Amino acid sequence: MEYNFKEIEKKWQAYWADNKTFEAKSKSEKPKYYVLDMFPYPSGAGLHVGHPLGYIASDIYSRFKRLQGFNVLHPMGYDAFGLPAEQYAIQTGQHPAVTTEKNIARYRQQMDRIGFSYDWSREVRTCDPDYYKWTQWAFIEMFNHWYNNDTLKAEPIEALIAIFEKSGNSSVNASHSCEESFTAAQWASFDEKHKSDILMGYRIAYQGETAVNWCPKLGTVLANDEVKEGLSVRGGFPVEQKKMKQWQLRVSAYAERLLSKLDELDWTDSLKDMQRNWIGKSQGAEMIFKVSNGSQDYDVTIFTTRADTVFGVTFMVLAPESEWVEKLTVPTQKAAVEEYILQSKKKTERERMTETRKVTGVFTGSYATNPLTGDKVPVWISEYVLAGYGTGAIMAVPAHDSRDYAFAKAFNLPIIPLIEGCDVSNESFDAKEGKMMNSGFLNGMDVKEAIPAAIDYVESKGIGKRKVNYRLRDAIFSRQRYWGEPFPIYYKDGIPTPLPLSELPLNLPEIDQYKPTESGEPPLARAKDWTYNGYPLETSTMPGFAGSSAYYFRYMDPHNDEGLVSKESNDYWRSVDLYIGGTEHATGHLIYSRFWNKFLFDCGYVCEDEPFKKLINQGMIQGRSNFVYRIKNTNTFVSCGLKDKYDTTEIHVDVNIVHNDRLDIEAFKAWMPDFATAEFVLEDGEYICGYAVEKMSKSMFNVVNPDNICDNYGADTLRMYEMFLGPLEQSKPWDTKGIDGVNRFLRKFWRMFNDGDKFIVEDRKATPAELKALHILINKVQTDIQNFSFNTSVSAFMIAVNELADLKCNCREVLEPLAILISPFAPHIAEELWQQLGHKESISFASFPEYKAEYTVENSFDYPVSFNGKMRFKITLPKSMNPKEVEAAVLADENMQKYLQGANVKKVIVVPSKIINIVC
RNA sequence: GCUCGGGUGGUGGAAUGGUAGACACGAAGGACUUAAAAUCCUUUGGGCAGUAAUGCCUGUGCGGGUUCAAGUCCCGCCCCGAGUACCA
């Protein structure tokens, strides 16, 4: 029988499902290992060949770990809340739950065909009330906690209330957004509403007014990571800044912990770097400048990382949104300032960006006093200062900051150089190096000493203090949308109040339409009787990242209705040992999950502080589009190599009717009615298509569906080919060219133990040559899997099978370990061989074969590398040998003497490990 | 601008500082076959010499350097990709 992958794959997929082969044991003597994929959003388009790349890698690793004797948890689920299903619902009236359900079914079907070893009994869906109950629960917990900067952890809000009752808020060191200070007596006198407002400024999940990213087209606000280049990541619609009251998560409280713990994680440096940049820690100082508007004096605090440059301050700048603007604008400038602010408000984020570096600004009319020189400097307003970072006000040092420099040039403000020898006639000198001048007591110091010296000085004078700033902002947590988790919050006389836990989950209500109401309220406002005990419920819903932030805990204990995860299950599974997914989540999901995890850790619900110990980012699989070239105004198509001889139009052609860049002409004619009568100018009897690497998308006709590959080549070929394509972490275009090689390899492997209809394995002893090939492979595969170098291990299989086939190796002693070795990559064919070898249990319960080094020892000194006065030999010697011993061994070696015949050896130079030079 | 990756045949890609191009695709030639498919064998970075076995030169984006030895390490450029962006 030929290698009939269709039958084999169907058989084993059914076997695994029937026997629950991959169900993870909740209790086990074995050590645990948790391998997780980033769960997908089930889109309407189904999976394309890019999606399974990471899943295949994680599956190989999971199967490998099982063979190594681990109790492996390898689950899968769906990130099922999201915008596309809702947009579709708005257009069609179809309930998002229905479309989502349909898409999930299709995803599942497609994944099953690839032969993944998921434990489907633990599947989770974020849109399932039994699941989002725990998302809502976590939100209430965050609502009921505040972040104590003294103990560096989240603590119950009751403890904070107790402090307020005893001593007000002056002694509290919290991450907060409360602007009021009060005594115990004052606290006692506040009414309920006032107390609620104050506490809101301390809660980890809080409601607050800030500038948010508002996307008018989607009718909702978005978090920072959901906006790229001023456009929404979903849909690509313009986003503008708007002040709104929204639910937020105090992620910023965890900035330092999120940053410092990165060092301990086994993630790639580039990913850690992305998170570091996103968190954006900068050390500097806050400094107080006295500002006068002519009639009144104010203390305005600024933030700077260059305290050493105070002597070069020639003006000050406020953000247009700064609260100081109103106070510091003098009557004569009022009209101009108002006009400027109006203009900047009108601009969307995108417009601000496209008008790059266009310098704009307006003078307030006020003057600030330089705290060190006493000089009076003007206070301006400009968009280049951001309200949300630092204090929203800066001291401008045009000589040493390029933005201040541009501003100074545009408005003709003075520029004072502070570093010896720097030239600021054309540009600022931003580097933190050189000797200070024009700087009073700092003169002569190096910049690196001057910065701390300047801060020490202002601290001692009480006009400033050291300060660390983070770029990381709190996460906006409200969405004005339907298809998300409802907030478990109702408004009791206007006071936001969490539902009792017994009321969870708060189910998403049915509504007639999925759009906002006429008055612009979120869709949930359409729900009938959206109240609790007569009080109105919150109408916004949670964002996409809410459900995906702690899903990995749920897999540990998916059916628990007492808690997110039981203590027992959490103590056993702890955290994710290996997480595989795309880099696109670096600044979103992976920050939120770490934050969420740390919060639950602080509260004592989970035992590990970090969720993902090791993280691998699989590269993206891009599309590879094919083109045909139509001669203008005809229906004649010319092959790629001849296209320059004609005036042609390039047309995308469906890659599924092109093989190795050769067009299937009949299929092309049938593809679209227009082409039925097409004529062709061929090269050597074939039509060669052009190609380009583009994003994989329907409109480019370059989407390759894994189902097609499974139909034509089988899942084992698909799995091995995706790995063979190149390094896992690298992005690469999908190119079916080359898949034949992998398929050929599997057929060859099949023929090792099948001849016609006969199973031909013998029970004889293996020869040394066979064992050598086997053990080289064992060693290679083991190290490659551990290094996630799956492409080279596929090559190693090809080499080994070629060699063993040449040796006519069909003995059990080799084929048994070979089946185990290949089973993570091509599990179906491996199971088939395993069964034919007489095993009753799945190959997943076998043990990874042991590598025996003695089968691979090479003969030493077997060839000369070069001869050129010097003779060089590559040798393999134990590392423990010292140079003298090596020299003696070399000269004594028989082979070596053969090469040295007649040569007059003057010197033997032993260079590290492998090579020796012999000077003759 | 800043940060991090990366540049190797016709193609995808291999190479703990140690024979560059493993493995695979494609291509060319051949065997088997009435034919096709399948399978197998040979050649395949470029150049030169030779009937040949073979030998020599050259070659990993560019220019320098360290080293007995550099695709790999160092310095300076060029190009491509990703992230981020008035973050003071």
Side-chain angles (χ1 to χ4, degrees), chain A residues 2 224 228-229 268-278 280-282 284-285 302-307 309 317 319 352-353 355-359 382-386 388-397 400-404 406-407 430 469-473 583-584 586-587 617 619-620 622 624 660-662 691 720-721 724-727 729-745 747-748 751 789 791-800 802 805-806 863-866 868-870 872-875 907 909-919:
Chain A
E2 258 296 285
N224 281 347
K228 285 235 154 82
E229 286 166 5
T268 58
D269 289 338
S270 74
L271 199 91
K272 288 194 209 175
D273 248 18
M274 268 191 231
Q275 291 215 339
R276 282 190 195 108
N277 290 340
W278 189 259
K281 181 177 186 172
S282 65
I302 58 94
F303 176 75
T304 181
T305 54
R306 291 294 301 273
T309 60
V317 189
R352 279 209 196 184
M353 261 192 264
E355 293 171 25
T356 37
R357 316 282 178 263
K358 199 171 140 195
V359 183
S382 176
E383 276 177 1
Y384 84 86
V385 176
L386 304 176
Y389 184 78
T391 61
I394 62 151
M395 63 177 210
V397 187
H400 302 290
D401 182 288
S402 53
R403 295 153 305 180
D404 297 344
F407 195 84
D430 291 14
N469 253 321
Y470 298 92
R471 207 186 69 116
L472 183 71
R473 311 287 168 83
T583 25
E584 66 271 22
T587 52
N617 295 116
M620 260 208 302
Q622 298 139 306
R624 186 179 187 280
N660 289 335
D661 288 340
R662 272 129 187 92
Y691 72 90
M720 289 198 105
Y721 184 58
F724 185 63
L725 220 45
E729 310 200 62
Q730 186 179 304
S731 285
K732 56 229 156 191
W734 175 262
D735 187 355
T736 321
K737 194 166 95 181
I739 196 166
D740 291 315
V742 173
N743 191 245
R744 249 169 245 167
F745 153 75
R747 290 202 302 256
K748 193 166 196 169
R751 284 197 306 270
S789 177
N791 55 328
T792 52
S793 42
V794 175
S795 293
F797 278 117
M798 290 178 174
I799 295 168
N802 270 330
D806 283 351
Y863 51 86
V865 175
S866 71
N868 198 352
K870 275 181 243 165
R872 296 172 48 213
F873 292 85
K874 184 174 183 176
I875 58 168
K907 200 159 99 189
I909 304 164
V910 181
V911 265
S913 79
K914 280 187 183 168
I915 292 291
I916 56 170
N917 291 335
I918 297 177
V919 183

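Every chain is numbered from 1, with letters handed out A, B, ... down the list of sequences. What you see is a predicted model; the values in this text were computed from it and never measured.
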> Can you find a heavy atom in the side chain of L725(A) that is under 4.5 Å from one in the side chain of W734(A)?
Replying inline: yes
> C1' atom, C32(B) versus U39(B): distance in rounded Å?
Replying inline: 9 Å
> How long is the gap from NZ on K281(A) to CZ on R276(A), to the nearest 0.5 Å?
Replying inline: 11.5 Å
> So which nucleotide from A22(B), A82(B), C86(B) ends up closest to the side chain of I799(A)?
Replying inline: A22(B)
> If you find the nucleotide of RNA chain B closest to D735(A) and the one closest to V742(A), which residue's nucleotide is nearer the 5' end?
Replying inline: D735(A)
Name the pairs: protein N/O against N/O of nucleotides 6-9 of chain B, kept only if under 3.5 Å.
none

> When rounded to the nearest Å, what value does the distance between P atoms of G61(B) and G7(B) take?
Replying inline: 8 Å
>> What is the separation between atom CZ on R306(A) and atom C1' on A88(B), rounded to the nearest whole Å?
In response: 11 Å
> For the residue pair R624(A) and P733(A), what are the closest heavy atoms and their distance?
Replying inline: CB-CB, 4.4 Å
> Between M620(A) and S731(A), which heavy-atom pair has the shortest distance, and what is it?
Replying inline: N-OG, 3.0 Å
> Which nucleotides of nucleotides 26-33 of chain B have their base under 4.0 Å from a protein heavy atom (B), which only their sugar-phosphate (S), and which neither (-), written as one string 5' to 3'?
Replying inline: S-------
> To the nearest Å, how far apart are D273(A) CG and U3(B) P?
Replying inline: 10 Å
> With distance as the sole test, does D430(A) use its side chain to make a donor-acceptor pair with the main-chain N or O of S402(A) at under 3.5 Å?
Replying inline: yes
>> Please report the distance, rounded to the nearest Å, between CG in D401(A) and P in A88(B).
In response: 9 Å
> Expressed as a whole number of Å, how far does the P atom of G5(B) sit from that of C75(B)?
Replying inline: 13 Å
>> In whole Å, I'd like the distance from the CZ atom of F724(A) to the C1' atom of G13(B).
In response: 8 Å
>> Show me the dot-bracket string of RNA chain B, counting Watson-Crick or G-U pairs under 3.5 Å, with | for pairs to another strand and [ ] for crossing ones.
In response: (((((((..(((.....[....)))((((((.......))))))(((((....)))))..(((((..]....))))))))))))....
> Does OP1 or OP2 of A38(B) have a side-chain N or O of R747(A) closer than 4.0 Å?
Replying inline: no
> Looking only at atom P, what distance separates A36(B) and G47(B), rounded to whole Å?
Replying inline: 32 Å
> From T792(A) OG1 over to F797(A) CZ, what is the distance, rounded to the nearest 0.5 angstrom?
Replying inline: 10.5 Å
> Contact class for I394(A) (heavy atom, under 4.0 Å): base, sugar-phosphate, or nothing?
Replying inline: base
> Of T304(A) and S270(A), whose nearest nucleotide on RNA chain B comes first from the 5' end?
Replying inline: S270(A)
> Which part of the nucleic acid does R624(A) contact within heavy-atom distance under 4.0 Å: base, sugar-phosphate only, or nothing?
Replying inline: nothing
> Given side chains that start at C-beta, do those of R306(A) and D401(A) come closer than 4.5 Å, heavy atoms only?
Replying inline: no
>> Is G21(B) syn or anti, taking syn as a glycosidic angle within 90° of 0?
In response: anti
> Looking across every strand, which nucleic acid part, if any, lies under 4.0 Å from P727(A) by heavy atom: base, sugar-phosphate, or nothing?
Replying inline: sugar-phosphate
>> In this structure, how many angstroms lie between the C1' atom of C2(B) and the CZ atom of R471(A), rounded?
In response: 12 Å
>> Between N802(A) and A24(B), is there a contact of a side-chain N or O with OP1 or OP2 at under 4.0 Å?
In response: yes
> Where do K748(A) and M798(A) land on the side-chain contact (heavy atoms from CB on, under 4.5 Å) test, with the steps shown first?
Replying inline: CA-CA 9 Å; K748(A) 193 166 196 169; M798(A) 290 178 174; over 6 Å; no
>> Less than 4.0 angstrom between a side-chain N/O of Y389(A) and OP1 or OP2 of A88(B), yes or no?
In response: yes
>> Check this one for me: any side-chain N or O of Q730(A) less than 4.0 Å away from OP1 or OP2 of G12(B)?
In response: no
> When you compare U3(B) with C56(B), how far apart are their C1' atoms, in angstrom units rounded to a whole number?
Replying inline: 47 Å
> Nearest 0.5 Å, what's the CG-CD distance between N617(A) and E584(A)?
Replying inline: 8.5 Å
>> Does A85(B) have its OP1 or OP2 closer than 4.0 Å to a side-chain nitrogen or oxygen of K228(A)?
In response: no
> What is the minimum heavy-atom distance between D404(A) and M395(A), and which atoms define it?
Replying inline: OD2-O, 4.0 Å
>> Can you tell me how far apart CD1 (I394(A)) and CD1 (I302(A)) are? Round to the nearest 0.5 Å.
In response: 8.5 Å
> Rounded to whole angstrom units, what separation is found between the NZ atom of K281(A) and the C1' atom of U3(B)?
Replying inline: 18 Å
>> Without decimals, in angstroms, what is the distance between D430(A) CG and A85(B) P?
In response: 19 Å
> How long is the span from the OG1 atom in T583(A) to the CD atom in E729(A), to the nearest 0.5 Å?
Replying inline: 9.5 Å
> Quantified in whole Å, what is the C1' atom distance between nucleotide U42(B) and nucleotide U60(B)?
Replying inline: 28 Å
>> Using a heavy-atom cut-off of 4.0 Å across all strands, would you classify D404(A) as base, sugar-phosphate, or nothing?
In response: nothing
> For the residue pair F407(A) and Y384(A), does the interplanar ring angle fall in the parallel (under 30°), tilted (30 to 60°) or perpendicular (over 60°) class?
Replying inline: tilted
> Think N791(A) has a side-chain N or O under 4.0 angstrom from the OP1 or OP2 of A14(B)?
Replying inline: yes
> Counting side-chain heavy atoms from C-beta on, which of A24(B), C40(B), A88(B) comes nearest to K748(A)?
Replying inline: C40(B)
> When rounded to the nearest Å, what value does the distance between C1' atoms of G59(B) and C48(B) take?
Replying inline: 14 Å
> Within this structure, what is the CZ-to-C1' distance between R751(A) and A38(B), rounded to whole angstrom?
Replying inline: 8 Å
>> To the closest 0.5 Å, what do you measure between CG (L271(A)) and OG1 (T587(A))?
In response: 9.0 Å
> What interatomic distance, in whole Å, is found between C1' of U33(B) and the corresponding atom of C40(B)?
Replying inline: 13 Å
